[in-house]
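A short worksheet on the structure shown next.
The figures that follow rest on heavy atoms only: side chains count, while hydrogens, waters and symmetry mates do not.
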Amino acid sequence: MAADQSQNKAKAKNNAQNTSTLEEIRATRLEKVDQLKQEGLTPYAYKWELTHQAAELQEKYADLEPGEEVETEVKIAGRIIARRVFGKLAFFNLQDESGTIQLYLDKKRIQSQMPDLSSAFNILKKYTDVGDILGAKGTIKRTEKGELSVYVSEYAILTKSLLPLPDKWHGLTDTEKRYRQRYVDLIVNPDVRETFRRRAKITASIRRSLDEQDFIEIETPVLQGEAGGADARPFVTYHNTLQMELYLRIATELHLKRLIVGGFEKVFELGRIFRNEGVSTKHNPEFTSIEIYQAYADYSDMMELTENLIATAAQDVLGTLKLIYQEQEIDLTPPWRRVTMHEIVQEVTGLDFNNFGTFEEGKKAAEQAEIGVPQDCKTLGQLLNETFEQKVEDTLIQPTFILDYPKEISPLTKPHRSKPGLVERFELFIVGRETANSFSELTDPIDQRERLELQAAKKAAGDLEAQGVDEDFLAALEYGMPPTGGLGIGIDRLVMLLTNSPSIRDVIAFPLLKSSSAVAQSVDYDAEKKILNIEFNNGSVYYYNDVPESVYNELKNAPSLGQYFNQFIRDKYGCDRVK
RNA sequence: GGGUCGCUAGCUCAAUGGUAGAGUACUCGGCUUUUAACCGAUUGGUUCUGGGUUCGAGUCCCAGGCGACCCA
């Protein structure tokens, strides 16, 4: 008795080794990897032949009665997302891309079907964890409790997982972790997988529609010498061997138009666009657009195309044109409302911009209507647009085409055929968001040059979003571009709408997030050259130039090196990275 | 750029300025119809970081980091 007790104590002590921190869990699982190898198994397999996916089986055997079995042999694979283990019986829930199915693991059956592995059931019991990838072969059985199961005869551990999954019940809700470790989010939140599956269906549907109408997709450069086609700040990069600055594209417009000049009549590109701007629920610095150009068409044709593409995508993905977005009912059944910017501004605010003779007059009226007029707003056209953005946009819940924009905010658009000062442009708004933008494209090379030079002047004056003059594009126009309708659709925003996602980050698999910045760790100072040498905790080393000795002394004596540095040095002195 | 809120165990969350806790996961033992399995036991912490106030700080103050939402 006494001996038993001391033995138990020793055992308890032995078992009391720490197994709960992340590192300890990982160490325990690495041990299991070793033990599997000792059993002659490979914890990282090469292949597993499948015959079915989980959802397929669920559907096929939906009518199987509890207790009933089918002798057909199936092979499936997936991740263990739950384990319920008894002495000689176990139930695992296996998740593959399509869904989940239960594995019914009976010791007797497994041991007899896997004679080469002496303790096949115990290995399963001891060495598998939630998170492991498992392959299973067996027959179909609905258990007496009514759960459709694969009655396993053979299994293989295909991949041993070393890290624990989030809580099976509460899952992963921390938004930051969900975005930073999207793979974990995808494992435990099935609706996230559904969102990205739906995204793929939407882009496939759009490409299919365009293909059926004989459009072809042509890829244009991401790296460009001049970033044009939109008003946006570009990312700048550098080509070492060519020794030239390059910009990441902010639009695909100017190159697709070159293709129209070259003789293609229906072209498009669906691809990534980069804009060096802020991050919000509606903006990610890299996002996806589709731009479509059709020769001999105008913006009216583009309206029909827009309705057709979006309605078809919704029908393909949702099976309906009526949907709910964030508790608002949206009806995508064409035709959609078409209203000019002048009309809608008057409708919402009561301001009739046709009545204003001068900018001053308009400004006075706008300010009375509580519209904030920014400094750089200097024309009636800009004021109209400002009023529209401030008062109207949010109210455009159902799909609405806003037509006929002021010329000064549309440098690539053909003048309106009957309304002076306006251009033939529309934007599509749904749930208050700009979702598409389209013009009768400007084809007059002289007019285009004047407008781009106006943009370039703004850029020279410090407007970081203004466009430069793309001489080669102008040369292309001088060879002659046929009348052309152009259309751009924000794919991310469309996907948000059709997946009922409140934030653009929900529809981008890996949204851009700030990395936690490096912390200054140690410091050195060259008094003669006034160079401050800082080493960061990530190993990088920077030289900060022209740093006064007094600053160095304060830094040295600061309670926290890292914070003094962030506050008083980081952005205040020029620096070179040396390591 | 401004404001509000948040950051504590792998995950989800507690904790009047006074011994950092629960559930779950992990580990060990038991169990052939479970499905948030169950029963029993053990374990697990840089409370985001750096300062400050205090006899004493997860909590109060200052600064910083990251995130969410709102505004411009």
Using a heavy-atom cut-off of 4.0 Å across all strands, would you classify [X] as base, sugar-phosphate, or nothing?
X        : value
A:Lys32  : sugar-phosphate
A:Val188 : nothing
A:Lys168 : sugar-phosphate

Per the salt bridge (Lys or Arg N to Asp or Glu O under 4.0 Å) rule, what does the pair list look like for residues 500-512 of chain A, sequence neighbours excluded?
none
With sequence neighbours left out, the residues meeting ring-ring contact (aromatic ring centres under 6.0 Å, His included) with A:Tyr325 are none
So, do A:Phe388 and A:Phe429 have ring centers that fall under 6.0 Å from each other?
yes
Rounded to whole Å, please give me the gap between [atom1] in [X] and [atom2] in [N].
X        : N     : atom1 : atom2 : result
A:Arg84  : B:A25 : CZ    : C1'   : 16 Å
A:Leu464 : B:G1  : CG    : P     : 14 Å
A:Leu89  : B:G30 : CG    : C1'   : 15 Å
A:Lys177 : B:C13 : NZ    : C1'   : 13 Å

Just jot down the salt bridge (Lys or Arg N to Asp or Glu O under 4.0 Å) partners of A:Glu56, sequence neighbours excluded, or say none.
none
Would you please name every residue forming a salt bridge (Lys or Arg N to Asp or Glu O under 4.0 Å) with A:Arg109, sequence neighbours left out?
none
Between A:Phe86 and A:Leu172, whichever has its closest RNA chain B nucleotide further toward 5' is A:Leu172
Does [X] put a side-chain nitrogen or oxygen below 4.0 Å from OP1 or OP2 of [N]?
X        : N     : result
A:Lys107 : B:U32 : no
A:Thr28  : B:C26 : no
A:Lys88  : B:C31 : no
A:Arg180 : B:G67 : yes

Here the ring pair (Phe, Tyr, Trp, His ring centres under 6.0 Å) pairs for residues 98-120 of chain A, sequence neighbours left out, are A:Phe91-A:Tyr104, A:Tyr104-A:Tyr151
Intra- and inter-strand pairs of RNA chain B in dot-bracket (Watson-Crick or G-U wobble, both distances under 3.5 Å; | for another strand):
(((((((..((((....[..))))..((((.......))))......(((((..]....)))))))))))).
Could you tabulate the donor-acceptor pairs under 3.5 Å formed by side-chain atoms of residues 127-135 of chain A, not counting sequence neighbours?
residue  : atom : partner  : partner atom : Å
A:Thr128 : OG1  : A:Arg83  : NE           : 3.3
A:Thr128 : OG1  : A:Arg83  : NH2          : 3.2
A:Thr128 : OG1  : A:Leu124 : O            : 2.5
A:Asp129 : OD1  : A:Lys32  : NZ           : 2.9
A:Asp129 : OD2  : A:Lys32  : NZ           : 2.9
A:Asp129 : OD2  : A:Lys160 : NZ           : 2.6
A:Asp132 : OD1  : A:Lys160 : NZ           : 3.3
A:Asp132 : OD1  : A:Ser161 : N            : 2.8
A:Asp132 : OD2  : A:Asp129 : N            : 2.8
A:Asp132 : OD2  : A:Lys160 : NZ           : 2.6

Give me the distances for all protein-to-nucleotides 68-72 of chain B N/O pairs that come in under 3.5 Å?
residue : atom : partner  : partner atom : Å
B:A68   : OP1  : A:Arg505 : NE           : 3.4
B:A68   : OP1  : A:Arg505 : NH1          : 3.1
B:C69   : OP2  : A:Arg505 : NH1          : 3.3

Could you pull out all residues at least two apart from A:Leu64 that satisfy side chain to side chain contact (heavy atoms under 4.5 Å, CB included)?
A:Tyr61, A:Glu68, A:Val70, A:Ile140, A:Arg142, A:Leu148
My understanding is that only residues two or more places apart in sequence, or in another chain, count here; which of them pass side chain to side chain contact (heavy atoms under 4.5 Å, CB included) with A:Ala466?
A:Gln455, A:Lys458, A:Lys459, A:Asp463
I'd like to know if A:Arg198 pairs up with A:Glu194 as an ion pair, taking the criterion as any Lys NZ or Arg NE/NH1/NH2 lying under 4.0 Å from an Asp or Glu carboxylate oxygen.
yes
Side-chain donor/acceptor contact of A:Asp174 with base of B:G67 under 3.5 Å
no
Going by the side chain to side chain donor-acceptor pair (under 3.5 Å) test, which pairs reach into residues 111-123 of chain A, not counting sequence neighbours?
none
Taking only the side-chain heavy atoms of A:Leu22 (C-beta and beyond), determine which of B:A36, B:G44, B:G10 contains the nearest atom.
B:G10
Heavy atom of residues 363-394 of chain A under 4.0 Å from RNA chain B: which residues?
none
